[in-house]
Amino acid sequence: MSGNANPFEPPAGGLSLYLHVPFCERKCPYCAFESKVPSEGEKDLWLEMVERELHWWEARIGRPSLATCYIGGGTPTVLSGPEWARLAEMLESHFTFDADAEVTVEANPNSLSADHLLFWREWRTTRVSIGVQSFDDAELAQLGRLHTAARACEAISASLASGFSVNADFMFGLPGQTFRNWARTLSQAAASGIAHISLYQLTIEPGTEWGSMPEDELSDGYLPYRWAQWYLPLKGFGQYEIANFAKYGHESRHNINYWKEGDYLGIGPGASGHIKGWRYKNISGLSRYSGSLKKGASAIASGERLKGSRRASEAAVLALRMKQGIEMEAFAQKYGSDEESRIIKLLEAFPEDLYSVSGNRISLTPKGMRVANRI
Ligand code: SF4
């Protein structure tokens, strides 16, 4: 860890927590996330190490109140009922939660059970984010997903019936994906009762099973993305960020905190965090992560305090992800007018139809969002 051993003051408020569950039932061929099929005893080891990591943080920042909490992965629904109970107990003992805290859990349709929903309801979960990816069985099989479209529909219905605000993730740009299939998936998503939709373009990641697939085997993402930008708002889902659409009031507060450079702790192998301009990344791989914690050291692999132009650039890039873009007066106050001029100049180098200036605000146009999404 860079800097002093105890560099943080307790956060003033509005803290978020991301907790990474590094397990999946099966590794998808395109996936570069930190996840593996757990072998015997690994889930217990992970829980024990998360507890140690939480203690490490508590010794430094106390027991802050969480405005948002996001338990993602990997596949959090590979955890059994008793494992969820243990995890929730740990979180309750190391944090307090704001009265209106947004608590999101990620779910895979294949492993989501009635017991999960019941437990989450009784705990403090408010949102369920389901990795649906497609409503086309052939596409799901191609992606190596374990669930069918029918199973995804059941997972959505059961989550809605349990009273959660539901997000579903979808993927476009799959090899051979037709526009017709994509439009059908989006239409089914919009009619399913969910309140939030996240869209991701398939990319080829080195080190994955599909890592050597030539990029040109993927279908072009331009039309599916631009279609979503036109179609989803018609169905009541406003685009509030490059990859995210929500019904009014169902935007993810947790993710908005990331894009607004808010403070968040990242817990678990490979997780990232940000506290007051200091970004850190945890050690990847369960055995190396636990090796460090067992020695009484932190789980942090590297950290960096961004300053000056780099910090301003990062803030601008994050703000431009959101529909509201950059509020230039506030930006200049925070980073200085030289940085404001530099960012404006950089944007002016792009074609005019990619960004718009309205009053004191600079934001990406829908077409600009597509370009940014591709980058
Ligand atoms: S379920 Fe998600 S996290 Fe797990 S391997 Fe598949 S894409 Fe990766």
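Keep in mind that what you see is a predicted model, and the values were worked out from it rather than measured. Order of listing sets the numbers, starting from 1, for every ligand and every atom in it. Residue indices begin at 1 and follow the sequence shown.
Atoms of ligand 1 lying under 4.0 Å from any heavy atom of Arg26, numbered from 1 in the order shown and given with element: 5 (S).
Just one of Gln177, Met213, Gln201 meets the side chain to side chain contact (heavy atoms under 4.5 Å, CB included) condition when paired with Leu218; it is Met213.
Residue pairs meeting the ring pair (Phe, Tyr, Trp, His ring centres under 6.0 Å) criterion with at least one member in residues 124-143, sequence neighbours excluded: Phe135-Phe170.
For a distance threshold of 2.8 Å, the protein N, O or S atoms nearer than that to atom 8 (Fe) of ligand 1, listed by chain and number, are Cys31 SG.
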Could you pull out every donor-acceptor pair under 3.5 Å between side chains of residues 323-331 and any protein atom, sequence neighbours left out?
from, atom 1, to, atom 2, distance (Å)
Glu327, OE2, Asn360, ND2, 2.3

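Note on Glu339 versus Arg342: salt bridge recorded, some NZ/NE/NH1/NH2 to OD/OE distance being below 4.0 Å. A salt bridge links Arg86 with Asp44: the closest approach of a Lys/Arg side-chain nitrogen to an acidic carboxylate oxygen falls below 4.0 angstrom. Using a 4.0 Å cut-off between a side-chain N of Lys or Arg and a carboxylate O of Asp or Glu, Glu139 and Arg184 do not qualify as a salt bridge.
Looking only at heavy atoms of the protein, atom 2 (Fe) of ligand 1 is closest to Arg145 NH1, 3.8 Å.
Checked against side-chain hydrogen bond (donor to acceptor under 3.5 Å, both in side chains), Glu352 has no partners two or more places apart in sequence or in another chain.
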